[in-house]
Protein chains: 2
Amino acid sequence: MPVAEARYDVFQAVADSTRRSMLTLLAETDTELPISRIAEHFPISRTAVNKHLHVLTEAGLVSNRKVGRETRYKLRPDPLRDLQRWLTYFDRYWDNKLIALKAFVEEDDSERVEG
Amino acid sequence: MPVAEARYDVFQAVADSTRRSMLTLLAETDTELPISRIAEHFPISRTAVNKHLHVLTEAGLVSNRKVGRETRYKLRPDPLRDLQRWLTYFDRYWDNKLIALKAFVEEDDSERVEG
DNA sequence: TAAACGTGAAACCAAAAGGTGTTATAAAAA
DNA sequence: TTTTTATAACACCTTTTGGTTTCACGTTTA
């Protein structure tokens with residue numbers, strides 16, 4: 001983010017697989033983590049990790065607090081509700097198209113259960 | 001089969017607000033639409049609309065068929081279930097008074113995945 | 001105080017994303 | 001056949017994104 005407030009929304013924040021992994025990491029540990037601990041899990045520089053965390057912060061998906069010389073990041077899943085709410089619209093669509101969905105489910109099911 | 005080897009995955013496809021609008025447009029009309037009809041709703045060129053539809057196609061979120069000189073696009077919401085499934089991981093981190101329809105989809109989903 | 005540590009910020013870069021206009025092609029209409 | 005319509009394909013441009021290295025600043029530790 002060079003200058004302006006680039007304002008990332010939750011859709012953009014979640015579009016990147018590295019950021020999704022960071023969210024699941026924070027969810028799994030179920031506690032706050034400093035950047036160095038987070039960076040251990042990714043093959044990128046700590047600066048790059050910091051940028052991703054900044055994007056997640058702007059989307060409201062993580063928060064941070066300073067503890068000594070550390071900055072600890074914590075999961076804030078609430079904005080995911082926006083995603084959830086958006087998907088709800090298509091949940092209804094699936095409901096209406098249940099027959100087609102059912103066909104898809106059965107077809108895929110037979111591929112792995114058989115045998 | 002939802003999204004095999006696509007350049008764009010569902011998360012990326014949905015990250016753009018224009019593409020999200022296209023999906024809701026197709027869902028609202030609940031029918032197939034040619035590009036020109038879709039382009040009417042957006043302040044960008046038809047070429048740009050075509051590119052967005054191409055991204056959505058690669059993500060498996062729309063399909064198309066040629067009818068005369070038209071190419072009609074139709075919503076394929078199934079890949080959104082990948083998004084849905086990812087979100088369910090974070091369900092336990094917010095108040096779990098979840099949407100009933102989501103619970104229904106999740107229940108249906110348990111028929112074909114690990115469960 | 002000085003040194004080491006953890007982080008944030010800046011400058012920079014390559015590639016991708018989102019946009020444009022133009023051209024090519026196939027189908028419908030005159 | 002000729003023209004118009006609908007779309008795809010191509011070349012191109014600009015901004016954004018994800019990454020790097022370097023450096024400055026505040027916090028701990030010696």
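In the text below, chain A, chain B and the rest are named by the order of the sequence lines, each starting its count at 1.
Among the protein residues, Thr71(B) comes within range of the sugar-phosphate backbone only, with heavy atoms under 4.0 Å from sugar or phosphate atoms but none that close to a base. Residue contacts for Arg19(A): at a heavy-atom cut-off of 4.0 Å it reaches the sugar-phosphate backbone alone, with no base atom in range. Counting any heavy atom pair closer than 4.0 Å across all strands shown, Phe42(B) reaches no nucleic acid atom.
For Ile44(A), whose side chain is taken as the heavy atoms from C-beta onward, the closest listed nucleotide among dG18(D), dT20(D), dA8(D) is dT20(D). Of the candidates dA8(D), dG26(D), dG18(D), dG26(D) carries the atom nearest the Arg69(A) side chain, counting heavy atoms from C-beta on. Side-chain proximity of Pro34(B) to dG6(C), dT7(D), dG8(C): nearest is dT7(D). Across dT20(D), dT4(D), dG8(C), the shortest atom-to-atom separation from the side chain of Tyr73(A) is found for dG8(C). Of the candidates dC10(D), dG19(C), dG6(C), dC10(D) carries the atom nearest the Thr47(B) side chain, counting heavy atoms from C-beta on. Here the side chain of Ser45(A) is nearest to one of dT20(D), dA11(D), dT7(D), namely dT20(D).
When the side-chain nitrogen and oxygen atoms of Gln12(B) are compared with OP1 and OP2 of dA16(C), none of them lie within a distance under 4.0 Å. Within the structure, a side-chain polar atom (N or O) of Tyr8(A) is placed less than 4.0 Å from OP1 or OP2 of dT17(D). In this model, the phosphate group of dT7(D) is not approached by any side-chain N or O of Asn50(B) to a distance below 4.0 Å at OP1 or OP2. Distances shorter than 4.0 Å separate some side-chain N or O of Ser36(A) from OP1 or OP2 on dT7(C).
The two residues Arg19(B) and Ala13(B) come nearest to each other via the heavy atoms NE-O, 2.8 Å. The minimum heavy-atom distance between Thr24(A) and Tyr89(B), with the atom names listed, is O-OH, 4.2 Å. The shortest heavy-atom contact between Thr29(A) and Leu33(A) is OG1-CD1, 3.8 Å.
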* Evaluate the salt bridge (charged side-chain N to carboxylate O under 4.0 Å, His left out) criterion for residues Asp82(A) and Arg85(A): first the C-alpha distance (whole Å), next the side-chain angles of each, then the deciding distance (0.1 Å), finally the verdict. => CA-CA 5 Å; Asp82(A) 298 336; Arg85(A) 196 175 312 123; 3.2 Å; yes
